[in-house]
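Single-structure report; data block below.
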Amino acid sequence: MEILSGVASKLGELLADATINQGRYLFCFNSIIKELGDKETNLKEAQDVINEKVEQDRQKHRAVVVEKDVEKWLADVVKEMANVQNLKAKIDENKSCLNGWCPNWGCRYWLGRKALKKTSKLADLLDRGKFSTVAHPTPLPSNKELPAPRHFMSFETTELACNQIIEALKKESTKMVGLHGLGGVGKTTLAKFAGNQLRQQKIFDDVGIATISRDPNIINVQSELVKSLGWALAEKDEKDRADRLRLMFSESKSPKILIILDDVWNELDLETVGIPVGDRDNCCKILLTTRLQPVCDRMGCDTQIQLGVLKREEGLALLRKHAGIDADSTLIGVSEQIANECKGLPLAIKAVGSALRGKGFGQWKVALHKLKNAKLNTIEGIGKDDQDVYHCLKFSYDNLNGEDSRSCFLLCSLFPEDYEIDSNDLVGYAVALDWYQVESIEEARILVSGTIKELKTSSLLLDTGNDRSVKMHDIVRDVSLWIGSVGKKYFTSKVGIGLAERVVEESLEQCKGISLVGNKKEELPTSLVCPNLQILQLQNTVYNYKLKVVTTDGLAERAMEQYEGISFLGYVKEELPSGYDYQFHVPEHFFEGMPALKVVTVIGGVISLKSLQFLTNLQVLQLIQCKVSDASFLGKLKRLQILCVKESPIEIPEELGDQLSRLKLLIFINSGCISPITIKKFSQLEEFYGRIKDWEAEGMSSEENDDGKTLHTDKKIARLPKDFTFPKLQRHHVSNGNKLEFLMQEEDEIFGQRRGLKINNCEATSLGIFSALYQELEILNLRTIIGCHNIVPSIDPRGLNELTCLSVNECKELECIMDASKSPHGKSGNPVMLSRLAELSMWQLPELKWIWKAPAQYVISLQALTELTVCGCNNLTYIFTLSQARSLKQLKSLYVSGCCRMECIVEAKFDHNEGEISVGDGNAMLALPLLTKLTLHNLPKLKSFCSENYCSIWTALEESHLRHCPNLTVSSTELEANLQYLEEVCLFVFTFFHFLQFYAK
């Protein structure tokens, strides 16, 4: 009985609780609905926060992948918010019965129960919406082929070695192959060629490459390796990066990976790099190249292959190719003799052949005479095997056109081995040393580009795959340093290896550049007496480990009066002890004895600019990753033309604009901000890359505008006259606001583009200060612009017709991007607006109704548009009208996400926002011929790509992502029109199953 009594009691409690809950649905209905509304508001705020974080990551990296858990959470939020809206609509219907005095009690019970369950789901989503990271950068694409040098020719000699490499690596037992041979014999070229062959033959899924060099920098090796594999490393510490790299290899989808380690000089610990080798799973195979056969022994190569010099007839064929002569030429005899002097070394043959291209018989005979005579002189300190290539490269150097080309070649040797030399650095040298006697930076840049092209054609510089930089082959750099030391022009050495004694012993008179590679054992003196110095670099090749330099008089006592250029390059291989001061300190009087200096570069140092006050001839100053003080002393540098400050926080005083009257180029990135008034005072300024202070026009409070909205939180506000306008620059990338991550992440893009502008958090009426820049602007990034209703014509009535890239974010009042109805052209003619726009991104624009708006008589052509991104524009119901869509001949990528009212991508019923058009206009197909990537995410009301039964055809589509578009359907005609292209597309991610899913509806 007690058991039954207990059961009955428990059952009674449960029934009572259930009854209470049932009653709550009826009698606490309003509080349940209020709780639901509160949870909906909280979830919407959380959704906005996550979307904002994703957008911030996208602004930093441009291309990102949203984390899977975040993407699923956002999709669930969209789904549940749509369900809540439907539920609230039904609740409103129930309330409408006699204004709520006579509700349907059965319906109220059901709605209350539904609302309570929905509240619980929203609460669960809120709990799940806490993420440490929301997105990561899109992995770089793996290079399908390793970049082989131009004019590659395969000969019997190279084919034999290549086949030996391939056969050796095919063997299961082979883990490492060593390719050794003379410098300049073509080891790197052959290794890349073999790597491409192995991938094409599907012996390996992926091939990565990294250059090791004499003094390997492990972090750089890791970076180069992951980049070649299309991966990315976020870790900073060398050991952490190695651990991550091993994990990447173990989890790689490509089980067969070949790693090419180029230019190995000593035994390398692969575990330190993070390369798994051995009998374990997911291990790599290694192909290394070296000049030294014993390195193959020390590395434990399973197979060693020697690459010999070219045969006589092979060398002659290569020479004729680079010299541009054929078999019937009158130069056949002398070309055979010159080829023999090159001793079968491809690097020497290419350099000599390129130098003689287009020359006559007499010049060929003179070249032969010079090469033969050069062999009579033994180069001191150079091995017997390298003598021939040195003489040939010296001949190529002697035959360069002009002193500017020879100076550029020698200056490139001052940079570390295998260093990617930024062409902008060479522009600085050209300006400071007056190579071309030109007035503008742009003219110097054009001429430097021509000089670089000549050096590449002469096989003295190498491509890097980046138009902004070049490299030197290691043996070419050795030859360049030898030429510089023999001619007493340039010199390089390592600090800590008898530097002070060597400087005195060699008494380098007339030197223009000296490179001193530093390590932690040597310290800078208090001062140096070098009255002829023109170029000085205090540089650290490894930013992670800075060179410590303290005051000492040891070096100052040495006689260095004749030097014209010195570079201290800090390079520390081993990890420095804890507590070590990684940044070197420049003594206050260090520069006092160098009055002729024209170029100074300091990287990774601590410097007071007071120390520069003696450099009255200084033309170029670079401060990178430095701790800088006493900025006011910059005003002493009256002849300064180029100032580059990167990652070196510094406050630029406003009066500097009056003092540096000759300044032409100013780079100020991640270092603080400059007043627009200061910039305007630089009367000769041609180029500016950096961030300006927040500003306000006279009469406007810095705290809030007329609507009470806060404009600035930074108290450092520049107050500008109402008629203030920015100076007209030839090149610029200007930003305002508190952050400049976009600029640093996309530095290649910045300096590759001529004119860019990024404006954050200001009122639309204040944009007039940039009016002089708009007409030729190429990149425009707008964020949180208050009171802006359209971009064109409000910002620029002339149409922004040079603009190629536009990004608009969080402009709450923006209604359209381009409004032709408000064009100053009126109805007199068709307006030309945004005619070159190629990339358009729009994020979080809640009032955006149209992207392109125009009266019926206007034709808006979008023929230049290649990429379009639309995200979080909740008032937008469509993107293109039919006539606009038909002009999209260049569109390659379309990304639309999170637009809750979007019903179609192309609206065919109404065109130009005015007037209804005929559905059957004779062309029911809409072709987007170049569209390769289509992404449609979280569009709950999207019904079709085109309205009114128009069919869209994507003949080039390679990748498509359709997610959480519950109402999207595809007609049978559209399905049939696109399926015919499936067999021709090998990367088609928009699979047949997607089509069936939507068609089935």
Side-chain angles (χ1 to χ4, degrees), residues 147-153 183-186 188-189 310 315-325 331 334-335 338-339 341-360 363-364 366-368 370-371 374 386 388-415 417-421 423 426 429-430 435-436 446-467 469-484 486-487 489-490:
R150 297 174 297 171
H151 315 306
F152 176 73
M153 292 179 67
V185 80
T188 301
T189 301
L310 297 179
L316 178 59
L318 186 61
L319 178 74
R320 288 173 176 171
K321 178 179 177 62
H322 283 267
I325 62 175
L331 300 172
V334 69
S335 66
I338 286 182
E341 295 300 322
C342 296
K343 304 301 181 184
L345 291 166
L347 182 62
I349 293 169
K350 292 176 183 178
V352 171
S354 299
L356 291 172
R357 191 177 187 89
K359 302 294 177 64
Q363 291 165 301
W364 278 73
V366 170
L368 177 61
K370 288 182 177 179
L371 287 170
D386 290 332
D388 292 321
V389 72
Y390 268 58
H391 288 305
C392 292
L393 291 173
K394 173 64 163 60
F395 169 80
S396 182
Y397 163 81
D398 289 336
N399 281 271
L400 289 171
N401 295 320
E403 188 61 32
D404 57 292
S405 297
R406 285 185 281 274
S407 295
C408 185
F409 172 71
L410 295 177
L411 278 168
C412 287
S413 67
L414 293 180
F415 294 90
E417 187 177 349
D418 294 309
Y419 189 84
E420 291 195 6
I421 304 165
S423 60
L426 300 179
Y429 287 124
W435 287 352
Y436 308 112
I446 292 170
L447 292 171
V448 165
S449 178
T451 298
I452 290 173
K453 184 177 181 181
E454 181 190 355
L455 292 171
K456 287 181 180 179
T457 303
S458 301
S459 299
L460 296 178
L461 287 180
L462 301 174
D463 285 313
T464 62
N466 181 341
D467 292 338
S469 62
V470 292
K471 288 179 72 172
M472 262 189 162
H473 189 287
D474 55 344
I475 199 167
V476 173
R477 179 175 178 270
D478 292 340
V479 171
S480 179
L481 291 170
W482 165 67
I483 294 171
V486 170
K489 292 183 178 179
Y490 299 94

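- Checking side-chain atoms of Glu454 against main-chain N and O of Thr451 turns up no donor-acceptor pair under 3.5 Å.
- Between the side chain of Ser354 and the main chain of Thr457, a donor-acceptor pair closer than 3.5 Å is present.
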Intermediate values then yes/no, side-chain contact (heavy atoms from CB on, under 4.5 Å), Arg406 and Ile483: CA-CA 10 Å; Arg406 285 185 281 274; Ile483 294 171; over 6 Å; no
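- Between Thr464 and Ser469 the shortest heavy-atom distance is OG1-OG, 2.8 Å.
- Checked by atom type and distance alone, the side chain of Arg357 never pairs as donor or acceptor with a backbone atom of Ser458 at under 3.5 Å.
- Between Tyr397 and Phe409, the ring planes lie tilted relative to each other; the angle falls in the 30° to 60° range.
- Rounding to the nearest 0.5 angstrom, the gap separating the CG atom in Leu400 from the OG atom in Ser407 is 10.5 Å.
- To the nearest 0.5 Å, the span separating CG on Leu460 from CD1 on Ile452 amounts to 13.0 Å.
- Residues Leu462 and Lys456 approach most closely at O-CE, 4.4 Å, considering heavy atoms.
- Distance CG/Leu371 to NE2/His391: 9.5 Å, rounded to 0.5 Å.
- In this structure, Ser449 has no side chain to side chain contact (heavy atoms under 4.5 Å, CB included) partners at least two apart in sequence or on a different chain.
- Side-chain contact between Leu426 and Cys412 is present, with at least one heavy-atom pair separated by less than 4.5 Å.
- Once rounded to the nearest 0.5 Å, the distance linking NZ of Lys370 with NZ of Lys394 reads 8.5 Å.
- Between Asn399 and Ala355 the shortest heavy-atom distance is CB-CB, 4.1 Å.
- Distance check, rounded to the nearest 0.5 Å: CG of Asp386 to CG of Leu345 gives 8.5 Å.
- Within 6.0 Å of CG in Asp467 there are 12 or fewer heavy atoms belonging to other residues, nucleotides or ligands.
- Within the 4.5 Å cutoff, no side-chain heavy atoms of Cys408 are placed close to those of Tyr429.
- Side-chain contact between Leu347 and Leu393 is present, with heavy atoms from C-beta onward closer than 4.5 Å.
- Across all non-hydrogen atoms, the minimal contact from Arg477 to Ser413 is NE-O, 3.3 Å.
- In this structure, Ile349 CD1 and Ile338 CD1 are separated by 11.5 Å, a value rounded to the nearest 0.5 Å.
- Taking each heavy atom of Leu331 and Gly360 in turn, the nearest pair found is CD2-C, 4.4 Å.
- Contact between Ile325 and Ser335 at its shortest, heavy atoms only, is CD1-CB, 3.8 Å.
- Put simply, the side chain of Glu420 does not reach to within 4.5 Å of the side chain of Val470, judged on heavy atoms.
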